[in-house]
Every structure is written in C-alpha cells, then in structure tokens.
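Here, residue 1 is the first one in the sequence, and each next residue gets the next number.
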Amino acid sequence: SKVMNSPGPRGKWGQMSVRKILESAGMIEDIHFIHDKKSELGNDRPDFVVNLADGKKLVLDAKVPFTAFEKATNEKDPNQQKILFQKHSSEARKHMDELSKKEYWNQFEDAHPYVIMCLPAESILYAAFQYDENLFKAVDFDINSIEIKLDKPIKKSIIAIFGFVGFLTALFILFAS
C-alpha cells in the first residue's frame, strides 16, 4: 500500500502491465515497440510507442491515479467515500488533460493523432467513470475531437486488438465491461 502511494513505483507497475500485454501479443521491444525513449521530434518520453504494420506509430502511456482511489476503497463512511471517488475521477481527468497537452503525436513521424492512456486495473477505470458522468463524454470515438483514448488492460481484449491493429489505419480504443 505504501509503495503504491509513491508515483515512481506506481508508474513502474503501470508500465509493467502494459509491457506484459504487448509481449503477450507477440511484440518484441525495439522491433514492434519502443519503451521509455525520447521522442523523435521532441524531448518527451512516452511510456511506449508501438510500430504498426502500416508504418504508423501508436503512442501508449500508462497512468495510475491511485491515491484517492485507495483511500476511497478503505473508507467506511459512504459520504466520505463518494468524495474520495470523485477526487479519484478528477485525478484521472487530470492525467487525460496532461497527456493531451504533451501532444505526443506531434513528436513522432507518422504517429496516429492521439495517445492511448492505459490504466492497469479495471477497478481504477470503473471508479473514474462511475463518479464523473462527464468523463465518459470526454472519451469520444471521434478522433478529430479528442486526442486521448482510455484503455483498461483486459488481457484477452488487448491481445486481440494488438493482433488486429496492423490492419487498422485509424484506431479508436475504449474498453468497456
């Protein structure tokens, strides 16, 4: 629990979760994806950049909004729990906004014009959506209106998608239960 309250270990856990999924899909680092390397046209370091079969790139970034989430799951008072889950939703939204401002798609040649925000646990995603009605509206399937797409790593779904992703030229990902 104390480890997960520190951003460094949380980030490593999120990255490890995404890496496991990519590798389970048969992808090999430095061939099919790069991890934590400086962007081609900027100084930022997204967690992963997937090289797609069509020559395009897909940027993935793991985020773990956990502090308020953990407090909420341990809270006994329903009113306080609701406040903490709403704070958790705000933290998830903040991560989305920060990723959008980084514009990773402008820092890699031939990158799709969005970044996929990966949350390493379904419960983290579910709680974020459950306590912020507008969060789901922000995750739009219209690629021209938003640059952030959320993903929850349900292993089978992601492996299937990454197995199929080479055939897609525009990818819209939002995993729902």
4.5 Å side-chain heavy-atom contact, [X] and [Y]:
| X | Y | result |
| --- | --- | --- |
| Lys87 | Tyr131 | no |
| Asn51 | Lys57 | yes |
| Thr73 | Phe85 | yes |
| Glu75 | Ile83 | no |
| Pro65 | Ile124 | yes |

Practice task
Ignoring hydrogens and angles, state whether a donor on the side chain of Asn106 or Glu103 is under 3.5 Å from an acceptor on the partner side chain.
Solution key: yes
[atom1] of [X] to [atom2] of [Y]: how many Å apart, nearest 0.5 Å?
| X | Y | atom1 | atom2 | result |
| --- | --- | --- | --- | --- |
| Gln107 | Lys38 | CD | NZ | 10.5 Å |
| Arg93 | Asp97 | CZ | CG | 6.0 Å |
| Asp47 | His35 | CG | NE2 | 6.0 Å |

Handout entry: Geometric class of the Phe69/His88 ring pair [parallel <30°, tilted 30-60°, perpendicular >60°]
Key = tilted
Give the cluster check for [X] versus [Y]: same hydrophobic cluster or not, with ILVMFWY residues linked at side-chain heavy-atom distances below 4.5 Å.
| X | Y | answer |
| --- | --- | --- |
| Met96 | Phe66 | yes |
| Leu99 | Ile34 | yes |
| Val59 | Met16 | yes |

Fill in the blank from the handout: ring pair (Phe, Tyr, Trp, His ring centres under 6.0 Å) filter on Phe108, not counting sequence neighbours, yields none
Exercise for the section: Kindly write out the residues that satisfy ring pair (Phe, Tyr, Trp, His ring centres under 6.0 Å) with Tyr104, not counting sequence neighbours, or none if the list is empty. Expected result: none
Exercise for the section: Take atom NZ of Lys37 as the centre, draw a 6.0 Å sphere, and report whether it contains more than 12 heavy atoms from other residues, nucleotides or ligands. Expected result: yes
Practice task
Kindly determine whether Phe48 and Leu58 satisfy side-chain contact (heavy atoms from CB on, under 4.5 Å), including the steps that lead there.
Solution key: CA-CA 8 Å; Phe48 295 92; Leu58 183 63; over 6 Å; no
Practice task
Without swapping roles, check the side chain of Asn74 against the backbone of Glu70 for a donor-acceptor pair under 3.5 Å.
Solution key: yes
Completion exercise
Sorted by chain and number, sequence neighbours left out, salt bridge (charged side-chain N to carboxylate O under 4.0 Å, His left out) with Asp61 holds for Lys63
Compare every heavy atom of [Y] with every heavy atom of [X], then report the nearest pair and how far apart it is.
| X | Y | result |
| --- | --- | --- |
| Ala128 | Ala92 | CB-CB, 3.9 Å |
| Asp44 | Lys102 | OD2-O, 4.0 Å |
| Pro120 | Ser17 | CB-OG, 3.6 Å |

Problem - Sole residue of Leu60, Leu125, Ile21, Val64 in side chain to side chain contact (heavy atoms under 4.5 Å, CB included) with Cys118 - result: Leu60
Problem - Side-chain ion pair, Asp36 and Arg19, N-O less than 4.0 Å - result: no
